[in-house]
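So the structure is just underneath, and the comments pick up after that.
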Amino acid sequence: MRLKSLLNKRYTIFLVSFILIWLKTIIVYKTNFDLPVETWKQEFILLINPISTILLLLGISMFFKGKVQARFIVMISLASSIVLFANAIFYRFYSDFITIPVLFQTKNIGDLSGSFTELARPWDILFFFDTLVLLFLFKRRKLKTFTIKKREAYIFLAAAMALLAFNLALAETERPQLLTRTFDREILVKNLGTYNYHVYDFIMHSKAKAQRALADGSETSDVENYINANYQPPNVGLFGAAKNKNLIIISLESTQGFVINRTINGREITPFLNDLAKDSYYFSNFYHQTGQGKTSDSEFLLDNSLYPLPSGAVFFTHSQNEYYATPEIIKEKGYYSAAFHANNKSFWNRDIMYRSLGYDKFFSESDYEINDENAYNWGMKDIPFFEQSVEYLKMLPQPFYAKFITLSNHHPFILEEEDHMIGEVSTNDRTVNRYFQTVRYTDEALKRFFDKLIREGLYEDCVFIIYGDHYGISENHNKAMEQLMGIKMTPYVSTQLQRVPMLVHIPGHTERKDINTSVVSGQIDLMPTILHLLGIGTKNTIQFGHDLFSKERENAVFLRDGSFITEELVYAKGKCYYKPDGIEIDKEACRPVIERAKKELELSDKVVYGDLFRFFVEKDVKE
Ligand code: GP9
Ligand code: MN
């Protein structure tokens with residue numbers, strides 16, 4: 001068929017513009033962004049993810065006629081070029097995709113416009129190639145516009161919507177809960193495409209904005225009253241025990257408390273931690289309180305002593321809030337703060353959230369030398385991670401607050417043969433079987449980290465806080481856990497399994513016998529404990545936790561789903577249990593604490609949803 005007649009065919013206009021815009025998008029993906037794909041399915045999703053948006057927009061153009069239709073199509077192409085070009089420029093500077101709040105932060109725009117000429121390349125004109133081609137074809141009347149029956153246009157739109165649904169379903173199989181939990185911008189763009197990603201980002205941003213707009217200062221007094229009424233004073237003997245010392249916080253990926261002091265096939269799972277615990281304050285009833293934001297939720301708890309949100313990851317949804325987090329508080333005392341985590345910096349939106357929390361520096365994936373030898377599973381292995389981190393640590397201004405986040409012990413818990421230090425356990429569940437090997441590996445990484453700190457002369461000046469971020473073995477593995485532990489899984493037992501290791505190690509400190517380390521506690525308590533160790537009072541600070549060392553400490557912890565544990569009771573999945581045997585009792589016995597937990601979680605959520613730190617008057621932090 002001759003080109004002319006092809007161009008004159010009905011729908012050709014849509015086909016040509018579709019192909020041009022789609023191809024442009026894919027070429028930009030491949031040439032301007034680093035979007036690694038590992039499987040053919042991921043590649044397929046990447047290739048199809050722009051299609052639904054393009055078709056939807058072209059579908060709208062079908063409702064117009066003649067010149068207006070042609071202009072509309074050119075506008076679609078131009079708009080997509082601008083979106084891609086803007087992201088490419090942003091990416092060259094930040095290695096990240098644009099998010100609406102970041103775009104509107106004047107500082108970022110200032111940074112970018114200053115270096116725009118540096119970042120733009122002459123060949124960037126190619127971003128607009130398709131627009132120019134379409135303009136040319138329309139001007140020269142090579143491409144004819146067509147009127148289409150409304151019914152046909154609607155069918156077309158419906159097909160585009162169906163394709164969008166297919167894309168989302170496929171993304172969901174590739175990365176379950178992608179839209180509810182968000183994870184990472186790179187993963188979002190890979191699965192949804194740049195265009196859909198911006199729509200998603202816009203919706204998320206608008207939702208948070210609306211909640212914030214509805215809040216006014218009047219809610220702060222409820223929060224303040226509650227917090228003041230529940231204040232517990234520091235332990236005088238330990239207040240300031242870490243004053244002016246360096247703080248090293250280590251978040252252990254997916255490490256649950258039951259691995260401590262346990263052996264498999266006669267060998268310890270965590271020999272180093274077991275030894276260290278003997279020289280530390282080891283809190284045996286310490287719970288994780290995370291929700292869907294997993295590691296990022298535990299970081300939120302650590303640095304703010306606020307609860308993460310009931311759904312979604314607060315690191316994504318409320319990264320633009322004002323906070324009064326530990327890095328910021330201790331900066332006033334001369335501390336430098338840094339986070340170390342060898343993963344993509346935009347994972348859990350850390351690059352942005354860390355700035356809101358006041359971190360001075362974030363050492364992320366790009367700061368490490370990562371190659372085939374030292375990376376496996378989720379990325380850089382813990383041993384080289386700590387090894388390389390020490391080099392940076394040595395250069396930090398002192399005193400520092402350094403947070404390390406390990407990664408090797410992440411689901412699916414796979415390790416290379418050479419890193420196996422103990423055998424697998426033998427249940428019918430491969431995930432559970434492997435779990436202990438990866439925990440063992442991280443334990444080894446910790447040992448070497450400590451050895452290196454000692455060799456470098458850093459150890460003596462540091463105080464260490466080590467805790468597990470959240471569970472590693474989910475309830476999907478209950479069968480194997482029953483087999484392994486020889487107990488029946490009930491909500492009571494599952495709740496007990498939400499305990500994670502937690503220790504405070506102060507070199508040269510021998511354990512004081514008057515400290516109760518079996519106190520029921522959780523990640524919400526980390527911040528006040530740390531501040532008090534540094535000699536910083538928390539009397540008037542907005543936080544929901546309590547110093548672990550406080551003599552007046554109440555034995556209670558509330559989990560994110562409203563479950564709770566006290567000295568005598570456990571409440572989970574709507575059932576009330578009496579400790580220590582876990583006998584189910586009448587729910588009424590749990591009622592007062594159920595209400596209290598509900599209230600506390602609601603107040604904390606109010607602070608986050610309403611961005612209430614805007615209204616709290618900074619009261620003097622007591623020395
Ligand atoms: C990713 C790491 C793991 O950077 O923190 O996240 P998780 O899946 O455990 O929340
Ligand atoms: Mn984690």
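Heavy-atom basis, side chains included; hydrogens, waters and symmetry copies ignored. Nothing fancy with the numbering, it's 1 onward along the sequence. Worth saying up front: this structure is predicted, and the values here are computed from it rather than measured. Indexing begins at 1, ligand by ligand and atom by atom, following the structure's order.
- Under the 4.0 Å criterion applied to side-chain N and carboxylate O atoms, D451 and K447 are assigned as salt-bridge partners.
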**Evaluation steps, salt bridge (Lys or Arg N to Asp or Glu O under 4.0 Å), between K479 and D429** = CA-CA 8 Å; K479 267 225 163 76; D429 186 328; over 6 Å; no
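- Atoms of ligand 1 lying under 4.0 Å from any heavy atom of L407, numbered from 1 in the order shown and given with element: 2 (C).
- Taking 4.5 Å as the limit, some side-chain heavy atom of I405 sits within range of a side-chain heavy atom of R350.
- A salt bridge does not link R262 with E268: none of the charged nitrogens is closer than 4.0 Å to a carboxylate oxygen.
- Ion pair K381/D419 flagged as a salt bridge, since at least one NZ, NE, NH1 or NH2 atom sits closer than 4.0 Å to an Asp/Glu carboxylate oxygen.
- The F347 neighbourhood of ligand 1 comprises atoms 1 (C), 4 (O), with distances under 4.0 Å to a heavy atom of that residue.
- The two residues S280 and H505 have their closest heavy-atom pair at OG-ND1, 3.0 Å.
- Taking every heavy atom of W348 and a limit of under 4.0 angstrom, the matching atoms of ligand 1 come to 6 (O), 7 (P), 10 (O).
- For ligand 1, the polar-atom distance check against S296 finds no nitrogen or oxygen pair separated by under 3.5 Å.
- Centred on the Mn ion (ligand 2), the angle running from H470 (NE2) to T295 (OG1) is recorded as 110°, rounding to 10°.
- In this comparison of H411, H410, K294, the heavy atom closest to atom 8 (O) of ligand 1 sits on H410.
- Nearest N/O/S atom of D469 with respect to the Mn ion (ligand 2) is recorded as OD2.
- Between E365 and N343, the side chains place no donor N or O within less than 3.5 Å of an acceptor N or O (distance only, hydrogens not considered).
- For the Mn ion (ligand 2), the N/O/S atoms of S298 include none lying under 2.8 Å.
- Between D469 and ligand 1, no pair of N/O atoms sits closer than 3.5 Å.
- The atoms of ligand 1 that sit less than 4.0 Å from any heavy atom of H470 are 9 (O).
- The distance from ligand 1 to the heavy atoms of N343 drops below 4.0 Å at these ligand atoms: 1 (C), 4 (O).
- When each atom of ligand 1 is checked for a heavy atom of E253 under 4.0 Å away, the hits are 3 (C), 9 (O).
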**Request:** List the steps and the verdict of salt bridge (Lys or Arg N to Asp or Glu O under 4.0 Å) for K190 and D184.
**Result:** CA-CA 10 Å; K190 275 203 274 195; D184 184 9; over 6 Å; no
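- In terms of polar-atom proximity, defined here as any N/O pair under 3.5 Å, R181 makes no such contact with ligand 1.
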